[in-house]
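So that the names make sense, note that chain A is the first sequence line, chain B the second, and so on, each numbered from 1.
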Amino acid sequence: MKLNNSFYLRNNVTVIARQLLGKILVANIEDQAVSGMIVETEAYSEIEKGSHAYKGKTKRNEVMFGLGGVAYVYLCYGVHEMFNIVTNGVNKAEAILVRALQPMEGIDRMMKRRQVNSVKKITSGPGKLTQALGIDRNLNGISLTSDKVWIEDRGIIIKSKGIVSTPRIGIDYAGKDALLPWRFFIKGNEWVSK
DNA sequence: TACGTGATCACG
DNA sequence: GTGATCACGTAA
């Protein structure tokens with residue numbers, strides 16, 4: 001079943017980032033739903049330097065400062081769309097970057113969008129999965145209870161022992177906050193980014 | 001290991 | 001207005 005706002009509005013971004021593992025991200029952008037199981041996430045909060053929200057509200061990050069339960073989508077390195085899930089209440093700027101999925105429905109469609117012939121390459125990274133799902137900045141701020149993008153609980157349980165946490169990727173500029181173990185992934189899953 | 005790519009932000 | 005920087009992916 002589709003997760004509702006009470007899941008996203010809680011005040012603990014790292015707990016939510018762990019709980020998202022094993023949930024199903026579904027996108028229905030061009031009249032065909034495609035989906036994948038979330039296997040890798042990263043938590044970001046305004047209290048640490050790794051986050052876009054650290055220096056306060058700007059045009060780009062303003063949805064992080066709004067109510068949780070919406071998407072934060074931005075362009076990275078001029079090329080890649082990044083999909084994040086905003087959590088917590090108004091003016092508690094937190095978000096979770098979805099870094100990798102295990103493909104479920106619509107694999108043909110996702111391979112076509114990605115223009116690759118290996119299923120391993122379609123959603124095994126944050127820029128890849130948005131391309132596979134058809135997600136871009138037009139969806140910035142969209143509700144995750146909408147009929148375009150949402151997250152489902154299909155009863156898959158990931159035990160605490162099956163979760164690995166490490167420092168986050170690509171945020172060396174954050175100084176000691178780059179060491180926070182706020183990246184989470186399903187141990188041994190083949191689609192975790194490298 | 002290098003670099004494309006363009007929005008964004010902190011300057012002025 | 002301008003320039004440095006960037007929550008990546010790919011080829012090499």
Side-chain angles (χ1 to χ4, degrees), chain A residues 8 12-18 20-21 25 27 36 38-66 68 70-88 92-103 110-142 144 149 151 163-186 189-194:
Chain A
Y8 303 108
N12 197 326
V13 71
T14 56
V15 166
I16 301 172
R18 286 173 164 272
L20 281 168
L21 298 174
L25 175 59
I38 298 172
V39 302
E40 180 179 354
T41 60
E42 280 179 359
Y44 289 88
S45 169
E46 60 184 340
I47 65 169
E48 46 84 20
K49 287 190 194 143
S51 174
H52 289 167
Y54 181 68
K55 294 176 185 164
K57 194 195 284 190
T58 67
K59 182 137 192 177
R60 178 174 67 167
N61 68 22
E62 65 179 347
V63 307
M64 282 185 74
F65 288 83
V70 303
Y72 169 43
V73 186
Y74 69 92
L75 187 69
C76 181
Y77 294 104
V79 188
H80 305 110
E81 311 281 348
M82 297 284 122
F83 174 77
N84 298 253
I85 294 154
V86 178
T87 65
N88 214 336
K92 309 259 192 182
E94 296 185 326
I96 297 160
L97 173 66
V98 178
R99 287 191 57 87
L101 303 175
Q102 177 173 330
M110 292 194 277
M111 302 237 295
K112 199 168 174 187
R113 285 191 177 124
R114 288 274 301 129
Q115 309 229 28
V116 295
N117 55 12
S118 163
V119 71
K120 296 281 184 51
K121 295 183 181 170
I122 57 180
T123 55
S124 54
K128 299 181 199 176
L129 71 91
T130 52
Q131 187 179 27
L133 268 54
I135 290 171
D136 63 26
R137 284 157 289 166
N138 292 320
L139 297 178
N140 188 40
I142 196 172
L144 298 175
V149 189
I151 297 173
I163 299 175
V164 181
S165 67
T166 74
R168 295 165 293 176
I169 306 295
I171 56 160
D172 294 344
Y173 57 85
K176 70 173 171 41
D177 289 336
L179 301 175
L180 292 169
W182 284 12
R183 172 180 179 236
F184 306 98
F185 62 87
I186 297 177
N189 187 280
E190 292 186 275
W191 278 270
V192 171
S193 70
K194 294 171 188 75

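Between the A:Asn88 side chain and the A:Ala93 main chain, no donor and acceptor come within less than 3.5 Å of each other. At least one donor-acceptor pair closer than 3.5 Å links the side chain of A:Thr41 to the backbone N or O of A:Ala17. Under the 3.5 Å distance criterion, the side-chain polar atoms of A:Tyr72 are left unmatched by any main-chain donor or acceptor of A:Asn140. In terms of modelled atom types and a separation under 3.5 Å, the side chain of A:Asn61 and the main chain of A:His52 share a donor-acceptor contact. A:Glu40 places a side-chain N or O within 3.5 Å of a backbone atom of A:Ser193 that can act as its donor or acceptor partner.
A donor-acceptor pair shorter than 3.5 Å cannot be found between the side chains of A:Lys120 and A:Ser124.
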Which nucleotides of nucleotides 1-12 of chain C have their base under 4.0 Å from a protein heavy atom (B), which only their sugar-phosphate (S), and which neither (-), written as one string 5' to 3'?
-----BBBSS--

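Note on residues 73-85 of chain A: pairs passing side-chain hydrogen bond (donor to acceptor under 3.5 Å, both in side chains), not counting sequence neighbours, are A:Glu81-A:Arg137.
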Given the rule that a pair is Watson-Crick or G-U wobble with both distances under 3.5 Å, how would you write DNA chain C in dot-bracket, using | for pairs to a different strand?
||||||.||||.

